[in-house]
Number of protein chains: 2
Amino acid sequence: MLNDVFKALSDPTRRKILDLLKEKDLTAGEISNHFNMSKPSISQHLKLLKNAQLVHDEKKGQYIFYSLNTTVFHDIVSWAFRFYEKK
Amino acid sequence: MLNDVFKALSDPTRRKILDLLKEKDLTAGEISNHFNMSKPSISQHLKLLKNAQLVHDEKKGQYIFYSLNTTVFHDIVSWAFRFYEKK
DNA sequence: TAAGTATTTAGTTATTTACTTAAATATTAG
DNA sequence: CTAATATTTAAGTAAATAACTAAATACTTA
């Protein structure tokens, strides 16, 4: 649902996580190393991003790799684009 | 700032206001008639949308007309587009 | 199997958000 | 000038959010 997407995007930490994942896939631990914030807090943010389908996670052994799920970004572009189309 | 924009977009009432303004410019009162919510609440939402530069307001007599400010939507598209460009 | 590492879940708390009603401001019309 | 209309500002409140620490889960390795 688009509401979850916009809610997810409304937090700067979560948008920064997306920026990091744009460069390459990362584990939860690697992601949390980029922030002055506890691992559980980052874990919660990741959960929200996942629920909004903005990221995907894949378990590999004891690590969980996170990656961007680009499909939802298309929806965002479509949403925003409607507002500056000529009527 | 992009943060204000995403915060503004994170609420469904505010997104619906943008949808209404996409069709035509409206006064604060006309906007609030579309919602089961007090006028002051809508006024607060409009203030947030204005701070995020998503809408523009113009006073005409005792009325205030609100209209879309399409420029920021370009920024949203640019932001989202970066995430599905080929590297 | 026991210890260590990676990550999440649970429980708590302070802050922010979205609403309400009441009061204030500004414009128009009699 | 007074009353009516349009809108915002102020003050208060319940619910949601974002953070923390402690505990639980899952995998790996000695």
Side-chain angles (χ1 to χ4, degrees), chain A residues 1-21 23-69 72 76, chain B residues 1-21 23-69 72 76:
Chain A
M1 210 215 289
L2 203 60
N3 195 50
D4 295 326
V5 174
F6 282 116
K7 282 273 186 215
L9 296 178
S10 72
D11 182 87
T13 299
R14 289 192 289 270
R15 290 199 305 279
K16 191 175 166 191
I17 291 173
L18 296 176
D19 284 330
L20 292 170
L21 293 176
E23 300 311 317
K24 63 183 173 77
D25 298 354
L26 296 168
T27 68
E30 288 171 330
I31 291 168
S32 81
N33 289 338
H34 284 85
F35 297 90
N36 277 335
M37 198 180 288
S38 69
K39 285 180 197 306
S41 296
I42 295 297
S43 182
Q44 294 271 63
H45 284 305
L46 289 169
K47 189 180 183 176
L48 258 158
L49 288 169
K50 196 172 118 185
N51 286 148
Q53 310 209 55
L54 284 158
V55 304
H56 174 250
D57 65 341
E58 189 178 358
K59 186 150 196 173
K60 286 186 183 166
Q62 64 189 323
Y63 299 94
I64 300 178
F65 280 84
Y66 282 88
S67 56
L68 282 187
N69 180 6
V72 180
I76 300 164
Chain B
M1 209 215 289
L2 204 59
N3 195 50
D4 294 327
V5 173
F6 281 116
K7 282 275 185 214
L9 296 179
S10 72
D11 182 87
T13 299
R14 289 191 290 269
R15 291 199 305 280
K16 189 174 167 194
I17 291 173
L18 295 176
D19 284 330
L20 292 171
L21 293 176
E23 301 311 316
K24 63 184 173 76
D25 298 354
L26 296 168
T27 67
E30 287 172 329
I31 291 168
S32 81
N33 288 338
H34 285 84
F35 297 89
N36 276 336
M37 196 179 290
S38 69
K39 285 180 197 307
S41 296
I42 295 298
S43 182
Q44 296 267 62
H45 285 305
L46 289 170
K47 190 179 183 176
L48 258 158
L49 288 169
K50 196 172 120 184
N51 286 148
Q53 310 210 56
L54 285 158
V55 304
H56 174 250
D57 67 340
E58 188 179 357
K59 186 150 196 173
K60 286 186 184 166
Q62 63 189 324
Y63 299 93
I64 300 178
F65 279 84
Y66 282 87
S67 56
L68 281 187
N69 181 5
V72 180
I76 299 165

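Throughout, a chain's letter reflects where its sequence line sits, starting with A, and its residues are numbered from 1.
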Chemist: Does B/L21 reach the side chain of B/I31, with side-chain heavy atoms less than 4.5 Å apart?
Modeler: yes
Chemist: Using a heavy-atom cut-off of under 4.0 Å over every strand shown, decide if B/Y66 touches base, sugar-phosphate, or nothing.
Modeler: sugar-phosphate
Chemist: Between A/F65 (CZ) and C/dA6 (P), how many Å, whole number?
Modeler: 12 Å
Chemist: For residues 55-64 of chain B, which residues have at least one heavy atom under 4.0 Å from DNA chain D?
Modeler: B/Q62, B/Y63, B/I64
Chemist: Atom OG in A/S32, atom CG in A/L26: separation rounded to 0.5 Å?
Modeler: 10.5 Å
Chemist: So which atom in A/H45 and which in A/T13 form the shortest heavy-atom distance, rounded to 0.1 Å?
Modeler: CD2-CG2, 3.8 Å
Chemist: Holding to salt bridge (charged side-chain N to carboxylate O under 4.0 Å, His left out), I want the full list of residues that pass it with B/K50, two or more places apart in sequence or in another chain.
Modeler: B/D57
Chemist: Is a side-chain N or O of A/N69 found less than 3.5 angstrom from the main chain of A/Q53, in a donor-acceptor match?
Modeler: yes
Chemist: Give me each pair satisfying salt bridge (Lys or Arg N to Asp or Glu O under 4.0 Å) with a member in residues 31-48 of chain B, each pair once, sequence neighbours excluded.
Modeler: none
Chemist: Give a yes/no answer on whether the side chain of B/K47 brings an N or O atom under 4.0 Å of OP1 or OP2 in D/dT7.
Modeler: no
Chemist: By the salt bridge (Lys or Arg N to Asp or Glu O under 4.0 Å) test, which pairs, at least two apart or in different chains, include something from residues 1-18 of chain B?
Modeler: none
Chemist: Return the minimal non-hydrogen interatomic distance between A/T27 and A/E30, and the atom names on each side.
Modeler: N-OE1, 2.9 Å
Chemist: Please state how far atom CG in B/N51 lies from atom C1' in C/dT16, giving the value in whole angstrom units.
Modeler: 16 Å
Chemist: For DNA chain C, what residues of residues 26-35 of chain B have any heavy atom nearer than 4.0 Å?
Modeler: none
Chemist: For B/L46 and C/dA18, what is the distance between atoms CG and C1' respectively, to the nearest whole Å?
Modeler: 14 Å
Chemist: Side chains of A/I17 and A/L49: does their closest heavy-atom pair fall under 4.5 Å?
Modeler: yes
Chemist: Is there side-chain contact between A/L54 and A/L48, with at least one heavy-atom pair below 4.5 Å?
Modeler: no
Chemist: For A/S67 and A/D25, which heavy atoms make the closest approach, and how far apart are they?
Modeler: CB-OD1, 3.2 Å
Chemist: Does the protein touch nucleotides 12-20 of chain D at the base, only the backbone, or not at all? Give it as B, S and - per nucleotide, heavy atoms under 4.0 Å.
Modeler: -----SSSB
